[in-house]
Protein chains: 2
Amino acid sequence: MKLGDGVEAAIHCAALLTGLQGDATLPAAALAEYHDLSPSYLLKHLQRMVSGGILESVSGPSGGYRLARPAESITLLDIVLAVEGSAPAFRCSDLRKRGPGALDASAYLKPCGINIAMLKAEQVYRQALAATRLSDLVKEFLDEADPRSVDRGCAFVDARQRQPR
Amino acid sequence: MKLGDGVEAAIHCAALLTGLQGDATLPAAALAEYHDLSPSYLLKHLQRMVSGGILESVSGPSGGYRLARPAESITLLDIVLAVEGSAPAFRCSDLRKRGPGALDASAYLKPCGINIAMLKAEQVYRQALAATRLSDLVKEFLDEADPRSVDRGCAFVDARQRQPR
DNA sequence: GTAGTGTTACTCGGATAAATATTGTCCGAGTGACATCGG
DNA sequence: CCGATGTCACTCGGACAATATTTATCCGAGTAACACTAC
């Protein structure tokens, strides 16, 4: 039960990109600098988010990343699935069909109860993640966090964002 | 988001140990044979369960493993935590305190909102796991599964269990 | 002054190595059963 | 025949490699801005 380290970075980056105005973009280098992360590695996670349809990337000078859709329609689940992959955490290797207790296929019409229970729990987990939208997180941050922190974030985005075309 | 492979084995073993009578034990070799797993590796997971207070181990000839408490008071969460460790899946590395946006500690009195959201989802996940007891799984198996499969399991346990002392 | 064009610098993207965690294996310490020996 | 004792075989437990996954890095392809030249 472990979640990759890149998920946190991905969420923070998505949250920061919320501050962009219009269809401006922010380069990966700026995102890495703001979070003090290795730029080359952060790219991998950003690319995953592009593949997942959460971010858009623009090439060339004044290029960078921006959200592919409104922050209201991006959930934590979307980000986690994009970065970590959508495979379920628990993979049933059909242990019951192996060893001396094994029978022919006709004995296993019903799915493994253990698998069902585990998958059900994970489904609940995903629902909880899906209930939190990126806009909620940002809103809470703007309301609750130290104003200086908010100012710094906005100032950074304003200074580094690029308006393409 | 990945769950170790040993969790499945651990749950199956615990379920099989439910079939023991009295304070009999079943050796790890028998558990491994029944599930067609490498015995030496299965030991690692069994040991974790012993550390977690789910199983008891008996040394020497006619030794082996048995449940440390009734199957009604063992949940899937207990097993998962024992095998995978109790650390949360999402570890907040306090990204917000790094990089050019960082401030002194007084700016971070409230915990990171992202961390809270992720941990809350995981808490829901754990509650779902905690709601499923080992006895429920076994009962469902006895009721729903193919009778031949049940018979094989019981026969195996009866043949290999040892009554210590 | 303006439009066209070539160069340039900056961006992302994927292929490539290092580090870490997980998976799998082995050998040693402990313990109860069994056979043997004595009463 | 019964009990004590020494040996033995079987068990778990922890230390040791091999593999897979994750983390980190580098270099190349593409693109738009910029400068220069011609009109």
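In what follows, chains are A, B, ... by sequence order, proteins preceding strands, each numbered from 1.
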task = Verify side chain to side chain donor-acceptor pair (under 3.5 Å) between B:Ser86 and B:Arg126, making sure each step is shown before the conclusion.
result = CA-CA 11 Å; B:Ser86 57; B:Arg126 294 192 174 193; over 6 Å; no
remark   = Going 5' to 3' through nucleotides 17-29 of chain D and flagging B where a protein heavy-atom sits under 4.0 Å of the base, S where only the sugar-phosphate is that close, and - otherwise, we get ----S-BBB----
Which whole-number value in Å describes the distance from [X] [atom1] to [N] [atom2]?
| X | N | atom1 | atom2 | answer |
| --- | --- | --- | --- | --- |
| A:Tyr65 | C:dT11 | OH | P | 12 Å |
| B:Gln47 | D:dG13 | CD | C1' | 5 Å |
| B:Arg162 | D:dT11 | CZ | C1' | 10 Å |
| B:Arg160 | D:dC10 | CZ | P | 12 Å |
| A:Glu33 | C:dT11 | CD | C1' | 16 Å |
| A:Gln163 | D:dA32 | CD | C1' | 15 Å |
| B:Asp36 | C:dG24 | CG | P | 12 Å |
| A:Leu55 | C:dT11 | CG | P | 17 Å |

message = Taking A:Asp146 first and then B:Arg96, would you say they form a salt bridge - that is, a charged N and a carboxylate O separated by under 4.0 Å?
response =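 Here A:Asp146 does not pair with B:Arg96 in a salt bridge, since their nearest N and O are not under 4.0 Å apart.
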message = Just to verify, what does A:Pro70 make a side-chain contact (heavy atoms from CB on, under 4.5 Å) with, not counting sequence neighbours?
response = A:Glu72, A:Ser73
task = Would you please name every residue forming a side-chain contact (heavy atoms from CB on, under 4.5 Å) with B:Tyr41, sequence neighbours left out?
result = B:Ser38, B:Lys44, B:His45
query = Checking all strands, does A:Ala28 fall into the base, sugar-phosphate, or nothing category for heavy-atom contacts under 4.0 angstrom?
reply = sugar-phosphate
key: Divergence of helical axes at both termini of the helix from C:dG1-D:dC39 to C:dG39-D:dC1 - five pairs an end, 10° steps   = 0°
key: side chain to side chain donor-acceptor pair (under 3.5 Å) pairs, two or more places apart, involving residues 46-56 of chain B   = B:Glu56-B:Arg66
request  = Would you mind listing every side chain to side chain donor-acceptor pair (under 3.5 Å) that reaches into residues 74-85 of chain B, with sequence neighbours excluded?
outcome  = B:Thr75-B:Asp78
query = To the side chain of B:Pro61, which of C:dT31, C:dA9, C:dC12 is closest?
reply =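 Nearest listed nucleotide: C:dT31.
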task = Take A:Ile54 and A:Arg69, measure what side-chain contact (heavy atoms from CB on, under 4.5 Å) needs, and give me the verdict at the end.
result = CA-CA 7 Å; A:Ile54 298 172; A:Arg69 46 191 156 117; 4.0 Å; yes
key: Steps toward side-chain contact (heavy atoms from CB on, under 4.5 Å) verdict (B:Met118, A:Ile11)   = CA-CA 11 Å; B:Met118 294 299 293; A:Ile11 299 174; 4.1 Å; yes
task = Considering non-hydrogen atoms only, spot the tightest contact between A:Tyr65 and A:Leu20 and give its length.
result = O-CD1, 3.7 Å
query = Any side-chain N or O of A:Ser57 less than 4.0 Å from the OP1 or OP2 oxygen of C:dT11?
reply = no
